[in-house]
Amino acid sequence: MKKYTIVSRPDKLSASLEGKTRKTLSAHGYVYDEDEPEVVFVIGGDGTFIYAVHQYLDQLDKVCFYGIHTGTLGFYTDYQEADYEEFIETFLSGKYAQVYYPMLHVVTDQDEYYALNEMRIENAARTQEIDVLLDDRLFEEYRGTGLILSTQLGSTAYNRSLGGAVLQEGLPLVQLCEIAGIHHSAYRSLGSPLVMRNNIKITLRSNDYQGALLGIDSDVYWIEDVHEITVLPDVDKKVRVLRGRTVSYFSRLKSLF
Ligand code: NAP
Ligand code: MN
């Protein structure tokens, strides 16, 4: 792997680590290539990681990611500023493992998207009605602000703020969580977070998505002309991440609160 690029958060610390990294890598014969990198260095936070993945979404089969966090410990990265030397040495010596994180494949009647943390439908303007179908069978008729479907990785992000369960790393699961669901006798939805295998087909159907936004990680899209949003059971995009050191999942988790 000789071609690399760097995606960093726009702050002073991240910029200074980027400068150091470029210098070291070029001294070792690596070539900076934004268009067709083999490895993407991510310097910043979990948010920066998501951004970097979306930048290289159409090249995920060829690209891997390697990150250092310039805040606390992250879920996408194992290194903090104090570990910088180890971060670089590990890369140069090739002593890392590779792990893969599956993305959600989301299709609407108009477009398709990929999500690493979660996909969500949110309507702040009015009560949103959504029929939820699991493997093509009607499961519930939801009413409320919206629904979010998160990956294992995304379970510590928005999902966690909504009272969803945190899923340990490696579990091939997704989680459906309500955003302020309305529960009374006329409308029936589960009410609690639902954890499922990630090879399930999930369809979110509505006569009217007027005022609703489809959220895909950091991005949002208006979906007023959409009637059906499906998360496919296939995992055709995965993010390949280099893992140099072993940080326990629970240490990462502990650094969140
Ligand atoms: P962002 O600033 O990039 O991220 C928002 C916060 O979420 C940051 O503190 C980020 O950590 C953290 N984060 C991102 N992915 C995470 C993960 N997998 N586990 C734990 N923490 C994570 O904001 P954005 O660009 O608007 O949206 C990115 C993500 O923010 C979305 O995917 C969604 O999960 C989350 N979000 C959360 C809420 C909420 O909790 N109420 C609302 C909207 C969106 P870093 O500081 O390390 O970057
Ligand atoms: Mn994005």
Side-chain angles (χ1 to χ4, degrees), residues 6-15 17-18 40-57 65-83 87 99-106 113-124 128 144-181 193 195 198 212-221 229 231 237-239 241 243 247-257:
I6 301 181
V7 174
S8 56
R9 188 164 57 193
D11 62 49
K12 252 173 112 176
L13 173 59
S14 303
L17 292 187
E18 169 167 354
V40 178
F41 285 80
V42 182
I43 305 175
D46 289 328
T48 320
F49 213 99
I50 292 168
Y51 174 78
V53 167
H54 281 274
Q55 290 288 301
Y56 290 96
L57 199 59
F65 298 83
Y66 189 49
I68 183 162
H69 205 295
T70 46
T72 60
L73 259 180
F75 286 90
Y76 294 93
T77 58
D78 307 297
Y79 298 93
Q80 293 172 260
E81 186 200 357
D83 316 311
F87 169 75
V99 289
Y100 293 84
Y101 293 107
M103 298 186 86
L104 300 174
H105 187 185
V106 183
Y113 311 88
Y114 287 89
L116 190 54
N117 265 347
E118 77 279 298
M119 69 80 80
R120 52 195 191 270
I121 297 167
E122 278 183 278
N123 197 327
Q128 182 64 55
T145 300
L147 289 169
I148 145 171
L149 183 79
S150 60
T151 61
Q152 177 277 318
L153 253 181
S155 70
T156 42
Y158 196 175
N159 171 74
R160 176 173 166 260
S161 305
L162 293 167
V166 170
L167 305 178
Q168 189 182 1
E169 182 151 78
L171 293 173
L173 303 171
V174 293
Q175 182 167 185
L176 185 68
C177 201
E178 298 188 359
I179 307 173
V195 176
N198 68 2
L213 283 169
L214 171 64
I216 301 286
D217 297 338
S218 303
D219 300 319
V220 291
Y221 306 90
I229 297 165
V231 179
K237 274 195 201 289
K238 289 181 187 169
V239 178
V241 176
R243 290 275 192 214
V247 179
S248 124
Y249 183 72
F250 302 106
S251 305
R252 290 177 216 274
L253 191 56
K254 202 163 181 335
S255 73
L256 260 192
F257 58 91

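Atoms within a ligand are numbered from 1 in the order they appear, just like the ligands themselves.
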Measure from the side-chain N and O atoms of [X] to the backbone N and O of [Y], and report whether any donor-acceptor pair falls under 3.5 Å.
X: D217; Y: L116; answer: yes
X: T151; Y: E118; answer: no
X: D46; Y: F75; answer: yes

Donor-acceptor list for residues 174-181 side chains, cut-off 3.5 Å, not counting sequence neighbours:
unit_1 : atom_1 : unit_2 : atom_2 : d
Q175   : OE1    : A165   : N      : 2.7
Q175   : NE2    : A165   : O      : 2.8
E178   : OE1    : H183   : NE2    : 2.8
E178   : OE2    : S189   : OG     : 2.9
E178   : OE2    : G191   : N      : 3.0

Would you check if there is a donor-acceptor pair between the side chains of H69 and Y79 at a distance under 3.5 Å?
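Side-chain D/A pair, Y79 to H69: absent.
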Audit row: F87, T77, side chain to side chain contact (heavy atoms under 4.5 Å, CB included) steps and yes/no
CA-CA 10 Å; F87 169 75; T77 58; over 6 Å; no
List, ordered by chain and residue number, the protein residues whose closest non-hydrogen atom lies under 4.0 Å from any atom of ligand 1.
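Contacting ligand 1 under 4.0 Å are G45, D46, G47, I50, H69, F75, Y76, N117, E118, L153, T156, A157, Y158, S161, D217, S218.
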